[in-house]
There are 2 protein chains.
Amino acid sequence: MLLQNPTKQAAVTTADKVFEQLQHAIVEGEMAAGSKISEPELAKRYEISRSTLREALNRLEKCHLIERKANIGSRVVDCTIEGLLELYITREALEGMACRQAALNMTDEEIGHMQSMLAQHAGDKALQDGVAYYQEEGDVDFHYKVILGSHNQQLINLICGQLYHLVRMYRCQFGMHSPRATRAFTEHSNIIQAISDRDGELAELLMRRHIAASRKNIENKIALQKAAQHSEEI
Amino acid sequence: MLLQNPTKQAAVTTADKVFEQLQHAIVEGEMAAGSKISEPELAKRYEISRSTLREALNRLEKCHLIERKANIGSRVVDCTIEGLLELYITREALEGMACRQAALNMTDEEIGHMQSMLAQHAGDKALQDGVAYYQEEGDVDFHYKVILGSHNQQLINLICGQLYHLVRMYRCQFGMHSPRATRAFTEHSNIIQAISDRDGELAELLMRRHIAASRKNIENKIALQKAAQHSEEI
DNA sequence: AAAAGATTAATTGTCGACAATAATACTTAA
DNA sequence: TTAAGTATTATTGTCGACAATTAATCTTTT
């Protein structure tokens, strides 16, 4: 996932840099989900004092990548199926509303950019048909553009600043390379159409269905896995 | 506002206690919105070291009550009308979804509690007709119960752990003692009915309208104020 | 006199050490 | 042998001091 969080500013302080490294390590699974974090050990590994490490940990906690308990310590968050489904439900609510606001607040110029981006993805897709990677990049890119297009700082901060770190973590941990590439592309087209029509209600509806479809796709996979496990046991 | 955040745990560490005091001070307006925060000064006032003060500041930043810039410092968040409207839009999205999930996931027992709570509020209302205070308490109480009823930890954390601190701050700063008491009561009744009918779609719709009505109520007030200002100038 | 630059003061970021709390290992009693 | 209680170790929370950066003051120049 090459695209970076579009809302973050350049890391100036060392705590910022360590935060980014740790964030990467957690999202990519180099630090095991659910594992305990030892402050002295991490501080030694990154060659910083515990103070600046704790500063970095605070930022990780801010985007829900770790959990802290007083006098006990920090743990990397656990990636559970329930948590994943909860995340999608939250995304459905927030990104649905962001999409509605985007239809109301995006400038014509911004809409033009999104349309040309989609056209370019169409080319990529035709070129590398079936390869999900570009489409996944495009997916993230598309969603970011819609969120930023809401022009609602509260929504932007919540989704880009917090939620999407968790989304990326779940994607890596569960190895989710969306197999819905072509279908997602069509759904994106329709959403952009609704936005350029300034139809907020339809835009929200379509975005919610788009995310709900991903969630149901996951639920189906889980159900199949469970069925397979069950047949093994017999 | 007597009701406390139902998701928080008891403050054990001194940073926790200072965080709560600062939170109160910011929400109630004792620390002016938009004002700069001096770490040495605050540390001296609360008789703690800068380290533990910074720990407390990190928590304030987590619930969006202050904003920090690297090498520059912290400021209490500014309460703008745009920010208030953004907050209501975000609430509409999140609490609407929470209400839908509540309709799906609340236990019969939880629903029973909510119904009896509403009945009690009806008594209070009949007793002190027109006095908004109890109703406002009841309003917060009602919304908390619905959110917790979603049984979605992600939604609960976002709304109760972060958004509602800002909501309370705006309410204090703008002196908003809802004049929609009786109307809000009816809306609450209908929402609970939808939940007990397990009608998620209707429950979400009603909750969104309930919050949107508050937002529009504010927008109208603002418009009236602006009109009055304008006529003064002439 | 006003603006640009240099110098000083103040604030934030980082560090290592100590205190308080929790986890572990050990001892003792049933 | 197991369980409870105690002692020990390790981890987290807090502190004061120093370094790096920013803000303020003063000087200098046009």
Side-chain angles (χ1 to χ4, degrees), chain A residues 7-26 30-78 161, chain B residues 7-26 30-78 161:
Chain A
T7 62
K8 79 170 180 192
Q9 57 186 6
V12 284
T13 185
T14 61
D16 282 323
K17 293 170 196 163
V18 174
F19 160 69
E20 287 186 3
Q21 295 181 61
L22 288 174
Q23 181 187 324
H24 189 273
I26 291 176
E30 295 161 27
M31 295 182 70
S35 62
K36 175 113 178 21
I37 289 175
S38 164
E39 291 185 6
E41 186 199 321
L42 262 192
K44 200 182 293 175
R45 190 188 306 174
Y46 286 87
E47 296 178 319
I48 55 175
S49 79
R50 267 184 59 225
S51 306
T52 92
L53 174 68
R54 280 161 72 86
E55 191 70 36
L57 292 182
N58 270 318
R59 268 160 243 197
L60 291 172
E61 192 185 11
K62 237 185 68 175
C63 49
H64 301 218
L65 290 178
I66 70 171
E67 286 168 349
R68 292 179 76 187
K69 285 181 184 172
N71 286 317
I72 290 184
S74 313
R75 306 194 80 93
V76 180
V77 291
D78 238 331
Chain B
T7 62
K8 80 171 179 192
Q9 57 185 4
V12 284
T13 183
T14 63
D16 282 322
K17 293 170 195 162
V18 173
F19 160 69
E20 287 187 3
Q21 295 181 61
L22 288 174
Q23 182 187 325
H24 190 275
I26 292 175
E30 295 161 25
M31 295 181 70
S35 62
K36 174 117 180 16
I37 290 175
S38 164
E39 291 185 7
E41 186 199 321
L42 261 192
K44 201 182 291 176
R45 190 188 307 173
Y46 286 89
E47 296 178 320
I48 55 176
S49 80
R50 266 184 62 226
S51 306
T52 90
L53 173 69
R54 281 162 71 86
E55 190 71 37
L57 292 182
N58 270 317
R59 270 162 241 197
L60 291 173
E61 192 186 11
K62 239 185 67 174
C63 49
H64 302 216
L65 289 177
I66 70 171
E67 286 169 349
R68 292 178 75 186
K69 285 181 184 171
N71 286 315
I72 291 185
S74 315
R75 306 195 81 91
V76 180
V77 292
D78 237 330

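A, B, ... follow the sequence lines: proteins, then strands. Residue 1 opens every chain.
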How about A/Met31 and A/Leu42: do any of their side-chain heavy atoms sit closer than 4.5 Å?
-> yes
B/Ala70 side-chain proximity, nearest of C/dC15, D/dG16, C/dG13 = C/dG13
Any side-chain heavy atom of B/Arg54 within less than 4.5 Å of one from A/Arg54?
-> no
Would you mind reading off the distance between A/Arg54 atom CZ and C/dG16 atom P, rounded to a whole angstrom?
-> 16 Å
Examine C/dT12: is either OP1 or OP2 under 4.0 Å from a nitrogen or oxygen in the side chain of A/Thr13? Give yes or no.
-> no
D/dT22 C1' sits how many Å from B/Lys36 NZ, rounded?
-> 10 Å
State, with a plain yes or no, whether a side-chain heavy atom of A/Glu30 is found less than 4.5 Å away from one of A/His24.
-> yes
To the nearest angstrom, how far is B/Leu53 atom CG from D/dG16 atom C1'?
-> 15 Å
Pick base, sugar-phosphate or nothing for B/Ile37, based on heavy-atom distances below 4.0 Å to the nucleic acid.
-> sugar-phosphate
Going by heavy atoms in the side chains, are A/Lys62 and B/Asn58 under 4.5 Å from each other?
-> no
For C/dC15, does either OP1 or OP2 sit under 4.0 Å from a side-chain N or O belonging to A/Thr52?
-> yes
Under 4.0 angstrom between A/Arg68 side-chain N/O and D/dT11 OP1 or OP2 = no
Run through A/Thr52, A/Leu65, A/Ile66 and flag the one making a side chain to side chain contact (heavy atoms under 4.5 Å, CB included) with A/Leu57.
-> A/Ile66
First encountered from the 5' end of DNA chain C, between A/Ala15 and A/Asn71 | A/Ala15
Grab the NZ-P distance between B/Lys69 and D/dA20 for me, whole Å please.
-> 25 Å
Rounded distance (Å) that lies between atom P of C/dT11 and atom CG of B/Leu42 | 12 Å
Spacing of B/Glu47 atom CD relative to D/dC15 atom P, expressed in whole Å = 11 Å
Under 4.0 Å between a side-chain N or O of B/Ser51 and OP1 or OP2 of D/dG16?
-> no
Can you check the B/Ile48 CD1 to D/dG16 P distance for me, whole Å?
-> 11 Å
Just how far, in rounded Å, is P of D/dG16 from NZ of B/Lys44?
-> 12 Å
Side-chain N,O (B/Arg50) to OP1/OP2 (D/dG16) below 4.0 Å | no
Contact nearer the 5' end of DNA chain C, comparing A/Thr14 with A/Ile72 | A/Thr14
